[in-house]
Amino acid sequence: MRRVRLQRDLPVRMPDGVTLLADHYAPPGGERAPVILMRSPYGRRGLLGWVFGRGFARQGFHVVIQSCRGGFGSGGLLDPLGDEHDDGLATVAWLREQPWYGGSFGMFGPSYLGYTQWAIAPYAGPELKAMATQITASQFRDAAYVGGAFALESALSWTTLTDGMSRRFGGASALTAPRLTRRAVLSGRPVAELDRASAGRQLRFYQDLLTHHADPAVPYWDKRDFSPTVGEVEAAVTMLGGWYDVFLPWQLKDYTAMRAAGRRPYLTIGPWYHVDTRHGRPSMAEATAWFRAHLLGDFSGLRPDPVRLYVTGAEEWRDYPDWPVPGTREQRWHLQHGSGLGPGAPRAAEPDRFRYHPGHPTPVLGGPVLLGDSRPRDQRRLEQRRDVLVYSSAALESEVEAIGPVRAELFVRSSTPHVDVVVRVCDVRPDGRSFNVCEGVRRLGPPAPEGVRRVEVDLWPMGHKFGRDHRIRVHVAAGAYPTIARNPGTGDPLGSPGSMVPADVEVFHSPEHPSAVVLPLCAPRG
């Protein structure tokens with residue numbers, strides 16, 4: 001029986017003289033064949049090499065797994081997101097010179113490995129035939145500054161992780177980084193010092209994120225944002241994401257950008273979070289079928305419909321022709337007097353009020369984070385807090401299915417213009433347990449108009465069935481710590497050690513100010 005042949009530590013020289021290392025997995029026989037390229041900041045060995053390197057090679061592909069600069073033997077210094085365009089294209093040029101290169105290639109990988117694909121996809125030429133991306137997007141800026149707020153826990157955990165991987169016994173950092181991050185964010189230290197608390201030293205990328213928070217449209221992000229060119233990608237693209245993944249909203253923007261350009265990508269969304277091991281098997285299976293189709297001409301493994309969604313609540317997979325799902329309609333569920341929620345128009349009522357104090361920020365239970373378990377959690381403890389407004393529907397007389405983008409339109413007034421608006425949708429079961437389905441945040445600042453402000457908040461998309469006798473519930477708050485950094489209420493730059501100003505917030509629900517969550521409803525099946 002012929003075996004996969006492995007050649008380690010191949011040197012790949014970059015135009016600036018830096019040498020990156022790559023491992024090459026040759027298929028049995030070793031003849032010229034299409035190549036699968038993976039570029040990773042997390043090393044080349046372990047499960048990455050065993051599952052994907054050997055796995056794709058057994059399917060008849062050459063596989064190249066390269067370490068990005070600054071880690072795992074590759075030269076230079078890691079400048080996260082900053083060198084992947086130039087280094088990736090130089091690596092493709094090197095591929096073309098190899099005697100085993102078969103004249104075409106595909107790219108594979110999740111998270112940062114998916115980002116490295118988008119970094120070169122429009123520029124790699126017609127030999128790039130296929131891409132299989134998972135839990136990723138063409139830009140990470142908006143995930144770092146979600147809704148204009150700073151995604152503190154995800155940013156700190158990733159920088160702590162990558163710093164730990166560069167040290168001795170770095171393989172353990174995947175386990176230690178979340179714990180170190182949580183300890184740091186609960187330490188009470190200023191946000192600019194949290195990298196020292198988690199990693200023991202200042203971390204350049206973390207500090208860069210703080211510096212460039214105020215204005216994302218700065219030159220720093222120009223070479224790190226590849227979303228403007230997504231529609232130019234001619235390679236066949238399949239995307240896999242999770243309802244609880246930190247990158248899902250922007251992954252779906254990539255999908256819709258490709259569809260607007262006339263492309264036909266495939267899309268799979270499961271009940272997964274970012275570091276969920278459950279999406280490993282479908283990632284491999286779907287990528288294998290994709291590469292066999294677009295690199296070897298065997299289309300027998302592709303499903304007929306391009307979109308496959310797992311509908312939570314219904315607990316079943318469904319196939320659709322597109323995203324957003326055809327036939328959905330938006331329905332406004334208005335906040336009502338007396339903490340109610342429903343599709344009917346609101347009656348005249350006084351606004352609801354709460355005080356948010358950044359010195360004691362409203363916590364979060366669950367929700368999308370990078371390195372944690374983001375599956376839904378019971379929210380009843382959070383709902384008892386005085387700084388969280390809770391609005392609940394009557395028990396549903398029939399099932400309600402919502403599949404698609406979700407947003408909130410709220411009318412608010414705050415004692416300080418610098419305030420966050422956090423909105424969360426929950427599914428309340430007949431026994432009273434309240435589980436988060438999706439959430440979003442919008443950071444506000446001046447210029448603040450006089451009086452009431454209309455605020456639109458984009459929430460995570462959902463694919464969920466609210467069962468009969470369940471209730472739909474909405475939270476409104478001004479914090480979700482430590483998922484997002486506390487808003488000090490002063491307008492000071494992120495990371496400043498300045499004072500904190502509480503916010504007295506009013507939320508209006510009246511015919512003049514009809515605050516609502518807008519759900520994408522579709523007719524239930526069956």
Side-chain angles (χ1 to χ4, degrees), residues 2-14 18-28 30 33 35-78 80 83-84 87-88 90-92 94-95 98 100-101 105-117 119 132-136 157-178 274-281 283-285 287-288 291 370-371:
R2 296 184 299 175
R3 296 182 177 180
V4 170
R5 292 183 294 113
L6 170 60
Q7 189 175 5
R8 297 190 186 276
D9 301 333
L10 292 176
V12 185
R13 190 172 178 84
M14 299 293 104
V18 169
T19 297
L20 308 186
L21 298 185
D23 291 350
H24 171 219
Y25 295 81
V35 177
I36 307 300
L37 174 63
M38 302 168 61
R39 302 193 61 252
S40 168
Y42 308 122
R44 309 183 298 282
R45 313 279 164 82
L47 288 177
L48 198 65
W50 184 261
V51 175
F52 301 117
R54 295 183 184 276
F56 288 133
R58 292 190 184 102
Q59 294 291 326
F61 302 104
H62 290 276
V63 183
V64 173
I65 306 178
Q66 182 187 66
S67 289
C68 297
R69 70 169 58 207
F72 297 91
S74 288
L77 297 176
L78 175 64
D83 294 308
E84 308 313 339
D87 288 355
T91 301
V92 171
W94 172 85
L95 273 183
Q98 305 312 304
W100 37 263
Y101 178 64
F105 73 101
M107 294 190 291
F108 172 84
S111 193
Y112 197 104
L113 285 74
Y115 173 84
T116 65
Q117 298 181 52
T133 72
Q134 303 87 31
I135 53 171
T136 192
S157 63
W158 191 81
T159 50
T160 302
L161 169 68
T162 52
D163 176 72
M165 294 181 77
S166 68
R167 304 189 189 194
R168 191 179 182 186
F169 306 117
S173 60
L175 300 175
T176 60
H274 193 74
V275 293
D276 196 335
T277 58
R278 295 175 299 166
H279 57 62
R281 187 182 296 272
S283 293
M284 183 64 182
T288 299
F291 292 142
L370 191 70
L371 298 185

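Computed from a predicted model, the values in this text were never measured in an experiment. All residue numbers refer to positions in the sequence shown, counting from 1.
A donor-acceptor pair under 3.5 Å links the side-chain atoms of H279 to the main chain of H274, judged by distance alone. Under the 3.5 Å distance criterion, the side-chain polar atoms of S74 are matched with a main-chain donor or acceptor of S67.
Taking every heavy atom of both residues into account, P28 and A57 meet most closely at CD-O, 3.6 Å. Summarising the geometry of V275 relative to L370, their closest heavy-atom pair is CG1-O, 3.4 Å, with the distance given to 0.1 Å. What you find for G30 and W100 is that their closest heavy atoms are O-CB, 4.5 Å. Minimum heavy-atom separation, A22 to R44: CA-CD, 3.9 Å. A pairwise comparison of heavy atoms in G75 and L20 identifies O-CD2, 4.0 Å as the closest pair. L48 and G43 make their closest contact through CD2-O, 3.1 Å (heavy atoms, listed as atom of the first residue, atom of the second, distance).
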Q. Yes or no on side chain to side chain contact (heavy atoms under 4.5 Å, CB included) for L10 and Q66, after CA distance, side-chain angles and deciding distance?
A. CA-CA 9 Å; L10 292 176; Q66 182 187 66; over 6 Å; no
Q: Would you check, one step at a time, whether the test side chain to side chain contact (heavy atoms under 4.5 Å, CB included) holds for F72 with L21?
A: CA-CA 8 Å; F72 297 91; L21 298 185; over 6 Å; no
Q: Carefully, step by step, assess Q59 and T288 under the rule side-chain hydrogen bond (donor to acceptor under 3.5 Å, both in side chains).
A: CA-CA 8 Å; Q59 294 291 326; T288 299; 5.3 Å; no
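The side chain to side chain contact (heavy atoms under 4.5 Å, CB included) check on L77 picks up nothing, with sequence neighbours excluded. Under the salt bridge (charged side-chain N to carboxylate O under 4.0 Å, His left out) criterion, D276 pairs with R278, sequence neighbours left out. Partners of A132 according to the side chain to side chain contact (heavy atoms under 4.5 Å, CB included) rule, which considers only residues two or more places apart in sequence or in another chain, are F108, Q134, T238, A287, F291. The side chain to side chain contact (heavy atoms under 4.5 Å, CB included) search around T136 returns Y115, W118, T133, F140, not counting sequence neighbours. Every salt bridge (charged side-chain N to carboxylate O under 4.0 Å, His left out) that D83 has, sequence neighbours left out, goes to R69. Legend: residues meeting salt bridge (charged side-chain N to carboxylate O under 4.0 Å, His left out) with R58, ordered by chain and number and at least two apart, are absent.
The environment of W50 atom CH2 is sparse: at most 12 non-hydrogen atoms of other residues, nucleotides or ligands sit within 6.0 angstrom.
Classified by interplanar angle (parallel below 30°, tilted 30° to 60°, perpendicular above 60°), the ring pair F61/F56 is perpendicular.
A salt bridge links D9 with R45: the distance from a Lys NZ or Arg NE/NH1/NH2 to an Asp or Glu carboxylate oxygen falls below 4.0 Å.
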